[in-house]
Every structure is written in C-alpha cells, then in structure tokens.
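In this text, all values refer to a predicted model and were calculated from it rather than measured experimentally. Proteins come first, then strands; the chains are lettered A, B, ... in the order of their sequence lines, and each starts at number 1. Values reported hereafter were calculated over all heavy atoms of this structure, with side chains retained and with hydrogens, waters and symmetry mates removed.
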2 protein chains.
Amino acid sequence: MTNKQRARAEKTRKAILTAAEALFSTRSFDEVTMRDIAELAGCSHTTIYIYFDGKEALLNELAAEPLRTALRRLERTLYRGNLSPDERLAAFSREFLRLALSQRALYPVFFTVRASRVDEKDPALELQRLRNEIFALAGRALQAALGVHLAEDRLLAYTRSYFYLLHGIVASSAASPESLDELLARLGPTFDLACLCMFRGIRAHVHEGRQEVSPQ
Amino acid sequence: MTNKQRARAEKTRKAILTAAEALFSTRSFDEVTMRDIAELAGCSHTTIYIYFDGKEALLNELAAEPLRTALRRLERTLYRGNLSPDERLAAFSREFLRLALSQRALYPVFFTVRASRVDEKDPALELQRLRNEIFALAGRALQAALGVHLAEDRLLAYTRSYFYLLHGIVASSAASPESLDELLARLGPTFDLACLCMFRGIRAHVHEGRQEVSPQ
DNA sequence: AGTGGTTACTGACCGTTGGTTAGATTCTAT
DNA sequence: ATAGAATCTAACCAACGGTCAGTAACCACT
C-alpha cells in the first residue's frame, strides 16, 4: 500500500464517518440508511462495506470516540479539586446526562451492545469496556460521596440503582425533538432533583444499615 | 354485513391479534414481520392491512389491552387496604415493573407513542391517555406516601423523578434474554432497593423543605 | 512507455421488508 | 340460481442491508 493510496482510503473512510456522524446526530439508527451515508460521503454505499462490517459495526466504531471522550471528561470531573464528594457526584451526573443527551441517537448503541464475536478488533467489545469503565467510575463517585466503605455487592446494587435513574432520564428524553440546550433548560433542574433525591435515599439507606438486600 | 360475515371477520381479526401477541411476546418490534404474523394467524399478510392501518397501528391496538389491564391492576394495588402508604407505593412499583417487564416488547410502544392523527379512533391516543393515567396514579401514590400536600409542580417533579427510575429499570432490563421470573429472581431485590432509596430521598428532600427547584 | 499487481471503487444484483391493488373467492339475501 | 357485498390472495412496488464481479486508479519494475 502506497502513501497516495492510503491517503485516499483514509480520506474516504473519514468522509464516511463524518457523514454518518452528521446523519446520526439528528436521525435514529433506523432512519439513517447506508445509502444516505454514502450520498453525503460522496461514495457508493458499497464502499462503506469495504471499511466497515455493516451498519451496526459502523455505528459501533462511530460511538467509540464520543464514548472515549465521555470517559475522559467524566474522569476529569471526578478528580477535579475544590468540590465536595457529593458535589462531585452531582457534577458527574450532570456531565453524564449532558454527554448522553448530546448523543441521543448513539446512546442506545452504547447501552445495548451485545458482544458478538470474540475478535479483539470487534468495536462492540471496546464499547462494552468503555461502558463498564464509566459504570465503575460512577461506583467510585458514589462510594466517595457516601463516605463509608461498602462491600462490593452492596455498592454494586446502589450503583445499579443510581444508573437506572440516569438511564431512565436519558431514555425518557431521548425521543424529544428539542435541542440539548432546550431540553436542559426545561428539565435540567428536574434531572438534578432526581439525582439528588436518589443520592440522599441511598445515603439514608446506607446509614440506617438496612442490609436485607443482597442482589446478584 | 350479516352476522355470519361479521363472525368470520371477527375471527380473522382475533387470530391476527393473537398471533401478533404471541410473536411480540418473545421478539421485538423489528424482529417480527407482518408476514410472520400472517403465517401464524393463517392468512395472507395483506389481510392484516384490511383490519389495521399498518404495523404500528396493529401494535398500538395490541398494546392497548395490556395497558388497560395494567391500569386496572395498578389502581387495585393502590386502593388495596391493609397497607401503609409507603408499602402501597412499593407495591405499586413492583406491580408496574412486573407488568412492564412481562410485556418487554410492547413497553417501548407505550412510552414512545407520539400522537399521529387527531382522529378519535386513533389507538395511539388511547395509549397516551392510559399512560398519562398511570403517571397520575403514581403521582397520587407518591403524594399519599409522602404524607404532606405538595404544590402541583413540585409533585410533578418528584413523580417525574420516580418515573425516570422505573423507566430506567425497565429499559435496562428490556434487552435481557431472561424470562420474567429469572429476571425478577436475579434483580428484583435491586429493583426494590432502588425504588426504596428513591422514595426515601424524595421524602427527605420534601421534609427538608428545599424548594430551589421549579421545573417545567 | 508499457506491463503486472495491488488497492479503491462502482453498478447491477439478491433476498426481505412494509405496504398496495386488481381481481378471485366466499358467503348471504333474495 | 344469482346479484352483490364482504373477504381474501397473488402479484407487485419501492426501499432496505448486504454481496460480488468487474472497472479505474495507482505504484513499482523493466
């Protein structure tokens, strides 16, 4: 493979990703067709199959970068100074919701990835890894905000509970035709309220020491 | 139209609904084709279009009955005696989750209904009405469990928060291949925990009288 | 300059989908 | 028996995701 060839291929590949990103930012998975993407990218829809193993794989690859960015930003939020642990959890939640809602079409992709092949290069696997890391991050934020050390399974149950809420917020708002800013302006305070209540409830539950729950 | 003709038509219509119900109970919207339904119902897929205005309308009509049943059962749960208000809220949550998860394929239909036509007979409208009634029911249950009267907008914000959680639980579990019983056996306690924490958090928030949140 | 091989790309095609329509079949009422 | 409405079906449509044989572009070597 020569330089010119590689450059050409890279350019086409990039054009496909850019086109797909633009289309998926306003339309859902099913509403965007491979031919739409190809037209915007300026190539035949067949060409896409040279670079990607189909529509889902394309979407997975497309989702990976925003998710990597998300992980990085969430980590930064979490280790940022001059914030109390529960403020940090709140900031984490806000950041998570902002990221998820800014990528509404991609969000279902993150959270319904089902490992298909064991192939290491399968982008679905990286998505799953990234998702698990974000989950673990939330667990650590929650742990820190609670201020007491918890057994792994109990922390898991609380983190799951917290994530159910975040997930529900995104899912409820995903179908909205509003822009991210409109959405946050209208419901942002409610999101904050919901997260705050959830955290307070978990903290109360922990401190009451009720342990009748042992899931998994 | 004579009686015999009507009876025949009714039978076909029923067969279609039954077949669709059977198929949607194990497969998702996209995985079930009109031809699958027709085959199981013992007719041509074209026949379905005589009775229903397409796949989505069929699904809406199909979803209406379970949702009516759900509303009825949730009402019964709510007005059942010998339960404290917060036990009642917990029972409501459990019942809601059980119903939603037993109809996993239909659940997204309930919650993404977008009013299409203003036609009174549009089944999507009834779905929306039913959904709103269930939401109102949850609001009343929450109000009762909190034990204090709240301004409408504050109760709305809390109810929304609570529903975000329920919604998130269903959405997170909807993709699971497990049966309802397996799912509840594995995660039921976590669901209960999540609902309990959310309620405790809301109650704490109410009693602290923090009112900096005024959404909508 | 021309040749061969690799890479990048495309048009035509496949099976399947949701949906439509002309017309055959079935049934009832007379 | 037959007209006429109700019911059903075979054949069709455009669009989908995806495949494949073949073409065009490029580079290295003689």
Between A:Lys14 and A:Glu10, does at least one N-O distance fall below 4.0 Å, as a salt bridge requires?
-> no

Give one of base, sugar-phosphate or nothing for B:Phe52, where a contact means two heavy atoms less than 4.0 Å apart.
-> nothing

Indicate whether OP1 or OP2 belonging to D:dC16 is found under 4.0 Å from a side-chain N or O atom of A:Thr33.
-> yes

Examine the base of C:dG19 for any acceptor or donor lying under 3.5 Å from a partner atom in the side chain of B:His45, and report the outcome as yes or no.
-> yes

For A:Thr46, answer base if it contacts any base atom (sugar-phosphate contacts may also be present), sugar-phosphate if it contacts only those atoms, and nothing otherwise; contact means non-hydrogen atoms under 4.0 Å.
-> base

For the pair made of CD in B:Glu10 and P in D:dA6, what is the distance, rounded to whole Å?
-> 15 Å

Mind checking whether A:Tyr164 and B:Tyr164 have ring centres under 6.0 Å apart?
-> no

Are B:Tyr49 and C:dT21 close enough that a side-chain N or O sits under 4.0 Å from OP1 or OP2?
-> no

Result of checking A:Leu196, A:Leu165, A:Leu193 against B:Ser161 for side chain to side chain contact (heavy atoms under 4.5 Å, CB included) = A:Leu193

Tell me: OH of A:Tyr51 to P of D:dG17, nearest whole Å?
-> 20 Å

Distance in angstrom units between A:Met34 CE and C:dC9 P, rounded = 15 Å

Candidate nucleotides C:dT17, C:dC9, D:dG18, ranked by approach to the side chain of B:Arg35 - the nearest = C:dT17

Give a yes or no on this: more than 12 heavy atoms of other residues, nucleotides or ligands lie within 6.0 Å of atom CD of A:Glu182.
-> yes

Atom-pair distance (CZ on A:Phe29; P on D:dG17), nearest Å = 8 Å

Interatomic distance where CG belongs to A:Asp53 and C1' belongs to D:dG17 [whole Å] | 14 Å

Taking atom P of D:dT9 as reference, at what distance in whole Å does atom CD1 of B:Ile50 sit?
-> 9 Å

Basic-acidic side-chain contact under 4.0 Å: A:Arg76, A:Glu95 | no

Distance, rounded to the nearest Å, where A:Leu23 contributes CG and D:dG17 contributes P = 12 Å

Gap between atoms NZ and C1', on B:Lys55 and C:dG19 respectively (whole Å) | 12 Å

